[in-house]
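Written below as C-alpha cells is the structure these notes are about.
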Amino acid sequence: MQDKNKLTGTPISRIDGIAKVTGKAAYSTDYPVKNLAYAVLFKSTIAAGTIRIIDTTAAEKAPGVLAVITHTNAPKLNVNGGIRGGALLQSPEIEFYGQHIGLVVAETFEQARYATHLINVTYDKKEPKVDFEKLAKEATLPKDKERADAKRGDAKAALRDAEYKVEQVYETPIEHHHPLEPHATIAEWNGDRVTLYNSSQIVNGAQSAAANTLNIKPEQVRIITPYIGGGFGSKGGQWANLVLTAVAAKQVNRPVKLALTRQQMVNSVGLRQRNHQKVSLAATKDGKLTALAHEITTHGAIKNEFVEPCGDCSKVMYDVPNSLITYRAVPMNVILPTYTRGPGKSTGSFALESAMDELAYALKMDPIELRIKNEPERDPSNGKPWSSRKAVDCLQVGAKAFGWEKRKAEPRQNQQGNYLIGYGVAAGTYPAHQRPTSAIVKLKRTGNDVMATVELAAADLGTGTYTILTQTAADALGLPLRNVKVVIGDSDLPPAAGAVGSVGAASYANAVNDACQKITDELLTRSGKQFFARPTASQLMLSEKLTEFQTRIDAKPLESAEEYSAHSFNANFAEVSVNRFTGMVRVNRFLAVTGAGTILNPKTARSQIIGGNIWGIGMALTEESILDPRWGNFVTRSFADYHVPANLDIGDMEAIFIREDDQKSNTLGVKGIGEVGIVGVAAAVANAVFNATGKRVRELPITPDKLL
Amino acid sequence: MRPFTYSRANDPASATKELAGNPNAKFLAGGTNLIDLMKEDVERPSAIVDISGLRLTEIKPIAAGFAKGGLSIGGLGKNTDAANHPLIRQNYPLLTQAILAGASGQIRNMATNGGNLLQRTRCPYFYEVAMPCNKREPGSGCGALEGVNRLHAIFGASEKCVAVYPSDMAIALAALDAIVKVKNASGQERSISFTDFHRLPGDTPERDTNLAHGELITSIDLPPNKFADKSYYLKVRDRASYAFALISVAAGLEMGSGNKIVQARIAMGGVAHKPWRALKAEQFLAGKEATAENFKRAADAEMADAKPLEHNKFKVELGNRSIVLALQMAMNGGKA
Ligand SMILES: Cc1cc2nc3c(=O)[nH]c(=O)nc-3n(C[C@H](O)[C@H](O)[C@H](O)COP(=O)(O)OP(=O)(O)OC[C@H]3O[C@@H](n4cnc5c(N)ncnc54)[C@H](O)[C@@H]3O)c2cc1C
C-alpha cells in the first residue's frame with residue numbers, strides 16, 4: 001500500500017500543527033461564547049456514607065453567585081443514561097471520596113471558587129472500602145460475560161507436571177490518565193437545544209449520553225469538539241461534569257463554563273484499576289510452553305464494575321495447549337475504573353512478559369528465542385487464521401537494530417562506573433477493528449481548481465486524525481493536500497466511530513476512502529463515458545464542468561474480516577542504567593518495532609508509538625496513584641506527586657514499522673497504533689532492570705527504594 | 001482562593017510596615033509557592049504585599065564581617081540568576097548544582113532566593129485541606145504519622161508533624177554555613193545562621209522558621225570556603241527531574257595534605273523538617289583519610305539515629321548510600 005506516488009505513507013507534518021502552536025486551535029473552553037457564567041464543582045470529603053446536611057446559605061449570598069446546585073435542588077436526571085461514574089447530584093449517597101456533591105455558578109470563576117469554601121456539609125460516615133490488599137480476598141466473578149473464566153485444556157494439571165515453571169504475582173497500581181487538557185465544557189442552551197463544547201473522544205457517544213441523561217432527544221444535543229488535548233480513554237465515556245454543565249446553564253439561563261482542576265481529575269473521570277495478577281507458565285526443557293494461567297484480581301466501583309482485560313495478551317500471544325484466564329473483582333469506594341490506554345493489554349503484558357522473561361532465565365534460553373519457539377500459527381483463543389501477524393519479524397528486526405547480541409545473559413555483568421546496564425525485551429499486541437462510520441465528501445470547482453471537503457463526526461485526540469484523513473482523501477480524489485479540508489468533531493456531521501480502542505484511523509480512513517471512491521463512481525456514471533484508466537474525481541469535475549457535487553457513505557467493516565483474527569504486534573527493547581548506590585533507573589535507549597498494517601503517516605505514527613512507549617516507561621518507573629485507606633482519598637493529587645516521565649527520564653526513542661499489507665482486516669489495511677505502543681513496554685523495562693541488577697521487581701512502579 | 005487585597009511595595013521599609021500592621025498579610029515574591037497554596041486554600045492571606053519589584057537582587061562580594069571574602073546574594077534575586085552567576089559557579093558550585101536540581105527552568109526563572117527558603121512542605125496532608133494537619137491547622141492532628149509517609153522525615157520529627165522541608169537550594173546553603181539577613185518594620189537588621197533559620201516541628205509545626213512575622217529576607221550571605229573543587233549535590237528522586245528529593249546530600253570536603261580531610265560539610269534534604277546537617281558524619285571525618293571505608297563509617301554514624309516511619313524505612317539505607325556516593329563524587333570533583 002505504501003506507494004511512492006501517494007500522499008498516504010509520507011511523513012507530512014500535522015495539518016493542524018500551526019494552529020496549535022500559535023494558539024488558534026480552539027479547545028473546549030476557548031470558544032468566545034457571550035455572557036458566560038462560571039461553574040466550580042465541590043466534592044465530598046468522605047468516601048462512604050450519606051450527606052445529612054448540606055448548608056449552602058452563605059455560598060448563595062456570596063458576591064456574584066447565581067446558583068448553588070446540590071442533590072437537594074438538582075433536576076431529575078437519568079442515572080442510567082450513559083454517563084459513567086455517577087456523581088450526578090441525584091442522591092445524598094456518597095460512594096467515593098471526591099464525588100461531586102454540588103456546583104456553584106457565579107459571574108466569575110473566582111467568585112464561584114470562593115463560594116465553594118462557604119459550603120458546610122455534615123455527613124453520616126460509613127467505613128470506606130478502599131484497602132485493596134484486604135478486600136482482594138472477597139473478590140468474585142465479574143458480571144461482565146467477557147470476563148468469565150476461559151479454559152482450554154487443563155492448565156493446572158500441566159503446571160503440576162511441568163519440567164520448568166514460573167508462578168509469580170505481579171502488581172500494578174491505580175493510574176490516572178491525566179491528559180494535558182483537563183476535562184472541560186461550555187454549555188449553551190438555545191430553546192430546548194443545547195450545544196456542548198466538550199472534549200470528547202466519541203462525539204456521538206457524548207451526544208447520546210448527554211441526551212439520555214438529560215431526558216431529551218439526541219437531536220437536542222450538539223457536541224462540538226474539534227480539538228482534544230489528549231484523553232487516553234478518560235474522554236471516551238463521558239462523566240458527570242458534561243451533563244452538570246448543561247444543568248447549570250439551564251438553571252441560570254445563560255451559557256456556563258466548567259473546567260476541572262488537575263486535583264479534581266483524580267476522582268472525576270475514571271482511573272486505571274489496581275491489578276493483582278498471578279501468572280503461571282509451564283514449559284518443557286527446550287522451551288515449548290505447555291501451560292499458561294493468568295489469574296487476575298481487581299476492583300470496581302461500589303455500584304458499577306469495569307474490569308480491564310488483563311488476560312487479553314495471554315489469550316493470543318503464544319501457542320500453548322493448556323490455558324486458563326480468570327478474573328475476580330471486588331467493589332471499592334473509588335470512582336469507576338475505565339478504559340485507559342491499552343486497557344488490560346498494557347498491564348496484562350507486564351505480568352505475562354515479565355513471566356516469559358523469568359521462564360527464559362530459568363531455562364537459560366534467550367528470551368527472544370523462547371518467544372519465537374512459541375509463535376502460534378493461528379489465534380489460539382478462537383482458532384481463526386491471522387489476518388497478518390508480524391510478531392517474529394518485530395523481534396528479529398528489533399534484535400538486529402538494537403544490538404541485542406551485546407546483552408549479557410546473566411544479570412549484573414555490565415557495569416560502567418556507578419551504573420549497572422541491562423537490556424530487556426518484551427512483546428505486545430493489540431486487536432485491530434474497523435467500526436461503522438459515515439462520511440460526506442463535497443467537491444467544489446472554481447475554474448480549474450477543485451476543492452474537497454470531507455465531513456464526519458470523528459475525533460482528533462491530538463494524534464493526527466486531521467492529517468491522515470487529508471492524506472487519504474487527497475490520494476483518493478487525486479488532489480493536492482491543500483485542496484482538501486477535513487471537518488470533524490461535531491455531532492451535526494455524519495456519525496462516526498470514536499477515537500478509542502485504536503479503531504479511529506481504520507474506521508475514519510476507510511470511510512473517507514470509500515466515500516471518495518463512491519463519489520468517483522458516481523461522477524463516472526454521470527459522465528456516461530468509458531475511460532482507459534480510471535480518472536480521479538477531480539479530473540471528472542473538470543471534464544464534466546461541474547461546479548458542485550457531493551455524496552455520503554455509511555461505511556461498514558468488511559464482512560470477510562470476521563473470518564480472521566486481526567491484531568497489531570510489537571517487540572519492545574529497552575536499555576537501562578541503574579545507579580548501583582541510589583537505585584535510580586534511566587532508560588538510555590528504547591526501541592519499539594511494530595507491525596500495524598498500513599502506516600498512513602510515518603511521522604504522526606512515530607509520535608503515537610513513542611508517546612505510548614513513554615507512558616509505558618512511566619508505568620514501569622514512576623506512575624502510581626496512592627490511596628489513603630483511612631479516608632479513601634488520593635494523596636497523589638497533582639503532577640508534583642503523580643510522576644509522569646519528564647524529558648530527562650527519556651533517552652533515545654526509536655520506532656520501526658514492519659511493512660505489512662493486510663487487506664484482510666480492512667480495505668486500506670490500517671490496523672491502528674494508538675494503544676499497541678504502550679503494550680509490552682513496562683515489561684521490557686522491568687526485564688532490563690533485572691538484567692542490569694539481578695533484581696526482579698514485580699510491583700510497579702520500579703522506584704529507587706525497590707532496588708536498594 | 002479567598003478574597004485578598006493587593007499592593008505593591010516600592011521599598012523594604014514600606015513593605016515591612018504593611019506586614020507589621022496586619023498579621024494575616026503576606027509578602028509575594030515569585031509567587032510560585034504562595035499562589036499555589038492559595039489556590040489550594042491552604043494559605044489564606046487577607047493582604048498580599050508584592051515585593052517582586054524591590055531592588056534586592058544584587059550578587060556582590062562581601063568586604064567585611066564574618067563572611068568577609070564571601071558573596072552576598074539578594075533576597076529577591078531569581079534562582080536562575082543565582083545558579084548561573086560566574087562567581088557562584090566558580091566559588092560555590094555546590095549551590096549552583098542544588099538550585100539547578102530543583103523545580104524546572106520556568107519555575108526557577110520566577111522563584112526568588114528568599115521565597116525558596118520559605119517554600120512550605122509538600123506533605124500531601126498539608127496540601128489537602130480536608131485532611132488533618134497540625135502545620136496547617138494546629139490541633140487537627142497529623143495525617144501522615146499513620147498515613148502514607150513514604151516521603152516523610154526520619155530525623156527530628158515529632159508526634160505532631162513528620163513532614164520534610166522541600167528546598168534543594170537550602171540544603172546546599174546549610175552545608176555552606178550561609179547567613180540569612182533580615183530586616184523588620186522598625187528598620188532593625190539581624191543575621192540568622194542557616195542552621196537556626198529553619199525549625200524542627202516539636203509542638204509548633206505551624207512555624208517553619210524562626211523568622212518573625214513581617215521580617216523581610218534582604219540577602220543570603222555566603223562565607224568563603226575551601227572546598228569549591230571538592231563538592232557535590234546529590235539528589236535522589238522518583239524521576240530524573242522535576243521531582244522533590246527522596247533524599248539529597250550536599251557534600252563538601254576541605255582537604256589537607258596527603259589524603260586527609262580537614263573538614264567535611266554534609267547536609268541532607270528529604271530527611272527532616274529542616275536542612276539536616278550531618279554533624280555526626282562530619283565529626284567522624286574530620287582529620288581522617290578520604291577513603292571509601294571512612295565514608296561508609298561516617299554514613300553509618302549519621303544514620304544510626306534515624307527513626308523511620310512505616311513507609312520510609314528505605315530512607316535509612318538510601319541515606320547511608322547517598323552520603324557515601326555524595327562524598328565519593330565530591331572527592332572526584334563531581335565525576336562518577
Ligand atoms: C511544580 C514545582 C516543582 C518544584 N520543585 C522544586 C524542587 O524540586 N526543589 C526545590 O527546591 N523547589 C522546588 N519548587 C519550589 C520552588 O523552588 C519555590 O516555589 C520557589 O523557590 C519559591 O520562591 P518564590 O519567590 O516564588 O516564593 P513565593 O511563592 O513568592 O513566596 C513563598 C513564601 O516566602 C515568603 N517570602 C518570599 N520572599 C520573601 C522575602 N524576601 N522575605 C520574607 N518572606 C518572603 C512569601 O510570603 C511566601 O510565604 C517547585 C515548585 C513547583 C511549583
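The chains referred to below are lettered A, B, ... by the order of the sequence lines, with proteins before strands, and numbering in each begins at 1.
The residues B:E40 and A:R637 are annotated as salt-bridged, a charged nitrogen and a carboxylate oxygen being separated by less than 4.0 angstrom.
For A:V585, no part lies under 4.5 angstrom from a heavy atom of chain B. For chain A, the nearby parts of B:Y127 are the backbone and the side chain; heavy atoms of each come within less than 4.5 Å. At a 4.5 Å heavy-atom cutoff, the contact between A:I626 and chain B is made by side-chain atoms alone. Within the 4.5 angstrom heavy-atom criterion, only backbone atoms of A:L627 (N, CA, C, O) approach chain B. Within the 4.5 angstrom heavy-atom criterion, only side-chain atoms of B:P132, from C-beta onward, approach chain A. Interface residue B:L246: only side-chain heavy atoms are found under 4.5 Å from chain A. Only the side chain of A:Y97 comes within less than 4.5 Å of a heavy atom in chain B; its backbone stays farther off.
Counting only N and O atoms by type, the side chains of A:D628 and B:Y125 include a donor and acceptor under 3.5 Å apart.
The environment of A:K43 atom NZ is dense: over 12 non-hydrogen atoms of other residues, nucleotides or ligands sit within 6.0 angstrom. Counted within 6.0 Å of CD on B:E159, heavy atoms from surrounding residues, nucleotides or ligands total 12 or fewer; the atom is thus considered open. Around the CZ atom of B:R297, the shell of radius 6.0 Å holds no more than 12 heavy atoms that belong to other residues, nucleotides or ligands.
Chain B forms the most heavy-atom pairs under 4.5 Å with one residue out of A:T582, A:T116, A:T636, and that residue is A:T582. Each of A:M584, A:E110, A:Q111, A:Q263 has some count of heavy-atom pairs under 4.5 Å with chain B, and the biggest count is that of A:M584. Ranked by heavy-atom pairs under 4.5 Å with chain A, the first of B:S322, B:S104, B:P124, B:C123 is B:P124. Contact count versus chain B (heavy atoms, under 4.5 Å) is highest, among A:T703, A:T45, A:N579, for A:T703. Heavy-atom pairs under 4.5 Å with chain A were tallied for B:S241, B:A243, B:A130; the largest tally goes to B:S241. Per-residue heavy-atom pair counts under 4.5 Å with chain A were compared for B:E317, B:K313, B:R237, B:E128, and the maximum is reached by B:E128.
Residues of residues 140-154 of chain B that come closer than 4.5 Å to chain A, counting heavy atoms only, are B:G143, B:E146, B:G147, B:V148, B:R150, ordered by residue number.
Side chain of A:D649 to main chain of B:A240: a donor-acceptor pair is present (N/O by atom type, distance under 3.5 Å, no hydrogens or angles). Judged by distance alone, the side chain of B:R239 and the main-chain N or O of A:V644 form a donor-acceptor pair under 3.5 Å. At distances below 3.5 Å, not a single donor-acceptor pair connects side-chain atoms of A:H117 with backbone N or O atoms of B:R2. Side chain of B:R321 to backbone of A:F581: a donor-acceptor contact under 3.5 angstrom is found.
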Item to complete: Determine, step by step, whether A:W631 and B:M131 satisfy the side-chain contact (heavy atoms from CB on, under 4.5 Å) criterion, reporting the C-alpha distance in whole Å, the side-chain angles of both residues, the deciding distance to 0.1 Å, and the verdict.
Response: CA-CA 9 Å; A:W631 291 289; B:M131 291 288 121; 3.5 Å; yes
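With a 4.5 Å cut-off on side-chain heavy atoms, A:D705 and B:K315 do not count as touching.
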